[in-house]
Amino acid sequence: MRLEALARSALREALQALEISVPDDIPIERPARPEHGDLSTRIAFLLAREARRSPPELASALAARLEGRPEFRSVQAVGGFVNFALRPSALHDVLRAVLAEGVAYGRGEEGRGKTVQVEFVSSNPTGPLTIGHLRQAALGDVLASLYAELGWTCVREYYLNDEGRQMELLAQSLWARYRQALGVQEPIPEGGYHGEYLVAIGEELARSWGEAYPIWDERARAAFRTEAVSRMMAMIHEDLEAIGVRFDVWTREGDLHRRGLVAQALERLRASGAVYEKDGALWLAGTHHGLSRDVVLVRSDGTPTYTMVDIAYHLEKHARGFDLVVDVQGADHVDEQRQVALALRLLGIPEGFLRYCLHQFVTLKGEEGIQRMSTRAGRFLRLKDLVAEVGRDVARYFMVMRKPESHLVFDFALARDTSMENPVYYVQYAHTRIASLFREAAKAGELPDDLPAVDLAPLTDPRELALIKELDRFPDVVKSAAHEFAPHLLCEYLESLSGLFHPYYAHVRVLGQGRATPARLALLAGVKLVLGRGLAILGVSAPEEM
RNA sequence: GCGCCCGUAGCUCAGAGGAUAGAGCGCUGGCCUGCGGAGCCAGAGGACGCAGGUUCAAAUCCUGCCGGGCGUACCA
């Protein structure tokens, strides 16, 4: 049995024996200080009032009931806390279970038969992906993997805004570059895209199309739009490839229009009575429902706004039958999220269907200080180039090692120059050292045939027991990381597990130690297994050699 | 002005009501005749932005300030 479950079921029995009603959730903590035991509970504080006893009294009564049970070495009341010290055999049982489960250890059942869609990146196809998109790419990909670990079927989806004014500006900017390549002084349009990446494409088009498009007319617009989108998509695919992210579904804004979904959504909104007309435009009455302003859904020229299309898109997601939709978006989308969420609520979509993972932006710290990215101004670091510089593992890990809602300063120089000193390698190195140990064990003929069957009794060193306790946490970490949209918890966990392993390995010899050898190999097999699983979820490699 | 996010070690950040606040980097000093030194051991470094409040217990929850980021478009 998992350790927390062990303490919970014991406490449940003790509470029943004392005729105190058992709460649904019995909190179990892992004390920071060893003298407080392996597990502890503050339940006495919570039930004191109801039980009409002071927390210390209640804690003592519980401890007295539990003292002497075989799974605990001791159960002590300290203040109002009840502290449990586990017997090594209870920990050995945990390790045995980990080894028996193998790669399935940590997987959950909650998502069985359920499907979650994770929408992320969804960058406009107006240029390559930048370090700004990297956080989102890593975050979304890892969230999807976390949910997959909990048994959900995951769909990774990219929403492609291939319509609207930005695409118009992009096409015209490309046309300008094409004209420039032909020797004409054509300026980049107002609000257009100045990035170097359009120059090369413009030159190429000048070579293949010659003087075919001397003026910016409908014909040029159509040609350059199509060309621009496909070129940008190619670049985006390259960037995603570099970071190792694959999408299952690409949804184009244009398709939503063509399938009549925007018009349908509009009808539903009208029918709901949540919209009104003013100044020739159609508005969503946001202020009636707690928003800070009303929102235009259809402009006075009859075209739907981005928000309108987004609402239609999310209705379509619902129609597709997902049990949960997770949108990963930057902090600039807060208002947009509220608006879409409100529209869905007004249309009767259940509250829990759509959840947003909102993240703050990445600022890049480089030679010229801290800089904001801007695709439009052509000032950005391309994702592919960053990955080439620091490697996929480091790039991905750095982006999820902080909680999404915290601002992240990416110190490019540090990631590159001191890459040997960074936490990714610390974790990977732990995995590698164990892999190497197993190679040595095999050479020496000391590798047991059946690790889960090994006698674990020799594992009595506090460091060994601490490692097992840490292994026990893994499934909970996966669960929290997924539910709270907090992949950084997994990073922290892996660093903590590695931080227990390295000192242990530096001080304890494994091979040639008689009965202790197979037991220690079994322990380290468990550590390697969990490190490997954790890294896999992060999309970071778990090397056998470095 | 209003809304959301963030103020914790020199730097980058964990800590989501519990017991003496942690990690990595950087800094100081040690450890390579055994399984990988990308490692280990030790040390210096903190009024948790400020002020109130709730609680047996607050870095954590509430309120108000002060800083910083983002938003506040008939842009996407």
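Order of the sequence lines sets the chain letters (A, B, ...), proteins ahead of strands, with each chain counted from 1. Fair warning: this is a prediction, and the values are worked out from it, not measured in the lab.
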### Query
Contact class for A:T303 vs. all strands (heavy atom < 4.0 Å): base, sugar-phosphate, or nothing?
nothing
### Query
Can a donor-acceptor pair be found between the side chains of A:T41 and A:E29 at a distance below 3.5 Å?
no
### Task
Please work out which of the three classes, parallel, tilted or perpendicular, describes the rings of A:F45 and A:F81, given edges at 30° and 60°.
perpendicular
### Query
Please, what dot-bracket string fits RNA chain B when only Watson-Crick and G-U pairs with both distances under 3.5 Å count, crossing ones use [ ] and pairs to another strand use |?
((((((((.[[[[.)..(...]]]].(((((.......))))).....[[[[[..)....]]]]])))))))....
### Query
A:Y356 OH to B:G3 P: how many Å, rounded?
21 Å
#### Entry: Nearest-nucleotide comparison on RNA chain B, the residue closer to the 5′ end among A:R433 and A:E336
A:R433
### Message
I need the CG-P distance between A:L408 and B:C5, as an integer number of Å.
### Response
18 Å
### Message
Output the rounded distance in Å from OH (A:Y306) to C1' (B:C75).
### Response
11 Å
### Task
May I ask you to evaluate whether A:K443 reaches the phosphate of B:C35, defined as a side-chain N or O under 4.0 Å from OP1 or OP2?
no
#### Entry: Whole-Å gap separating P (B:U12) and CE (A:M399)
15 Å
## Note on the structure
Applied to residues 275-284 of chain A, the side-chain hydrogen bond (donor to acceptor under 3.5 Å, both in side chains) test, sequence neighbours excluded, yields A:Y276-A:D294
### Query
On a whole-Å scale, what distance lies between the C1' atoms belonging to B:C27 and B:C65?
37 Å
### Message
Syn or anti for B:C32? Use the chi torsion, O4'-C1'-N9-C4 for purines and O4'-C1'-N1-C2 for pyrimidines, with syn inside 90° of 0.
### Response
syn
### Task
Quick one, give me the B/S/- string for nucleotides 53-62 of chain B, reading 5' to 3', where B means a protein heavy atom under 4.0 Å from the base and S means that only happens at the primed atoms, P, OP1 or OP2.
---B------
### Task
Provide the distance between the two C1' atoms, one in B:A16 and one in B:C6, to the nearest whole Å.
15 Å
### Query
With respect to the side chain of A:E484, which nucleotide from B:G34, B:A16, B:G36 is positioned closest?
B:A16
### Task
Please identify each residue that fulfils side-chain hydrogen bond (donor to acceptor under 3.5 Å, both in side chains) with A:Q337, with sequence neighbours left out.
A:Q329
### Query
With sequence neighbours left out, what residues match A:Y306 under side chain to side chain contact (heavy atoms under 4.5 Å, CB included)?
A:N161, A:D310, A:H333, A:E336
### Task
With a 4.0 Å heavy-atom cut-off, tell me which residues in residues 500-512 of chain A come close to RNA chain B, sorted by residue number.
A:H502, A:P503, A:Y505, A:A506, A:H507, A:V508, A:R509, A:V510, A:L511
### Short side-chain donor-acceptor distance under 3.5 Å, A:N124 and A:T126
no
### Query
For the base of B:A19, is there a side-chain donor-acceptor partner from A:N83 under 3.5 Å away?
yes
Residues 477-485 of chain A, side-chain donor-acceptor partners within the protein, below 3.5 Å, at least two apart:
| from | atom 1 | to | atom 2 | distance (Å) |
| --- | --- | --- | --- | --- |
| A:S480 | OG | A:D476 | O | 3.1 |
| A:H483 | NE2 | A:E110 | OE1 | 2.8 |
| A:H483 | NE2 | A:E110 | OE2 | 3.1 |

Would you list the protein and nucleotides 71-74 of chain B atom pairs, both N or O, that sit under 3.5 Å from each other?
| from | atom 1 | to | atom 2 | distance (Å) |
| --- | --- | --- | --- | --- |
| B:G71 | O2' | A:D335 | OD2 | 3.2 |
| B:C74 | O3' | A:R299 | NE | 3.3 |
| B:C74 | O2 | A:S300 | N | 2.8 |
| B:C74 | O2 | A:S300 | OG | 3.1 |
| B:C74 | N3 | A:S300 | OG | 3.0 |
| B:C74 | N4 | A:D279 | O | 3.1 |

### Qualifying residues under side-chain hydrogen bond (donor to acceptor under 3.5 Å, both in side chains), relative to A:R221, sequence neighbours excluded
A:E168, A:E218
### Message
Distance criterion of 3.5 Å, no angle test: do you see the side chain of A:S496 paired donor-to-acceptor with the base of B:A23?
### Response
no
### Task
Just grab all the side-chain hydrogen bond (donor to acceptor under 3.5 Å, both in side chains) pairs involving residues 44-63 of chain A, residues at least two apart or on different chains.
A:S21-A:E50
### Query
Quick one: which of B:A19, B:G69, B:A76 gets closest to the side chain of A:Q360?
B:G69
### Query
Where the side chain of A:S436 is concerned, which of B:A76, B:A19, B:G36 is the nearest nucleotide?
B:G36
### Summary
Taken in chain and number order and not counting sequence neighbours, the residues that satisfy side chain to side chain contact (heavy atoms under 4.5 Å, CB included) with A:V510 are A:L437, A:Y505, A:R520, A:L521, A:L524
### Query
What does A:E545 touch in the nucleic acid at a heavy-atom separation under 4.0 angstrom: a base, only the sugar-phosphate, or nothing?
base
### Message
For B:A19, does the O4'-C1'-N9-C4 or O4'-C1'-N1-C2 angle fall within 90° of 0, making it syn, or is it anti?
### Response
anti
### Task
Scan side-chain atoms only and decide if A:H359 and A:Q136 contain a donor-acceptor pair under the 3.5 Å cut-off.
yes
### Query
So, A:R473 and A:E4, do they make that salt bridge, N to O below 4.0 Å?
no
### Message
Testing the 3.5 Å rule here: is there a donor-acceptor pair between the side chains of A:Q166 and A:Y193?
### Response
yes
### Query
So which one's nearest nucleotide on RNA chain B is more toward 5', A:R402 or A:R439?
A:R402
#### Entry: Nearest-angstrom distance, C1' atom, B:G24 to B:C61
30 Å
### Message
Under 4.0 Å, heavy atoms only, any strand: does A:E35 hit a base, just the sugar-phosphate, or nothing?
### Response
base
### Task
Measure the distance from CZ on A:R338 to C1' on B:C2 and round it to the nearest whole Å.
12 Å
### side chain to side chain contact (heavy atoms under 4.5 Å, CB included) partners for A:D255, two or more places apart
A:R252, A:R258
#### Entry: Atom-to-atom span, CZ of A:R33 to C1' of B:A21 - whole angstrom
11 Å
#### Entry: Rounded distance in Å - CZ (A:F438) to P (B:G36)
13 Å
### Query
For A:S406 and A:R402, does a side-chain donor sit closer than 3.5 Å to a side-chain acceptor?
no
## Note on the structure
Atom CZ of A:F485 and atom P of B:C5 are separated, to the nearest Å, by 15 Å
### Query
Going by distance alone, is a donor N or O of one side chain under 3.5 Å from an acceptor N or O of the other, for A:T432 and A:E545?
no
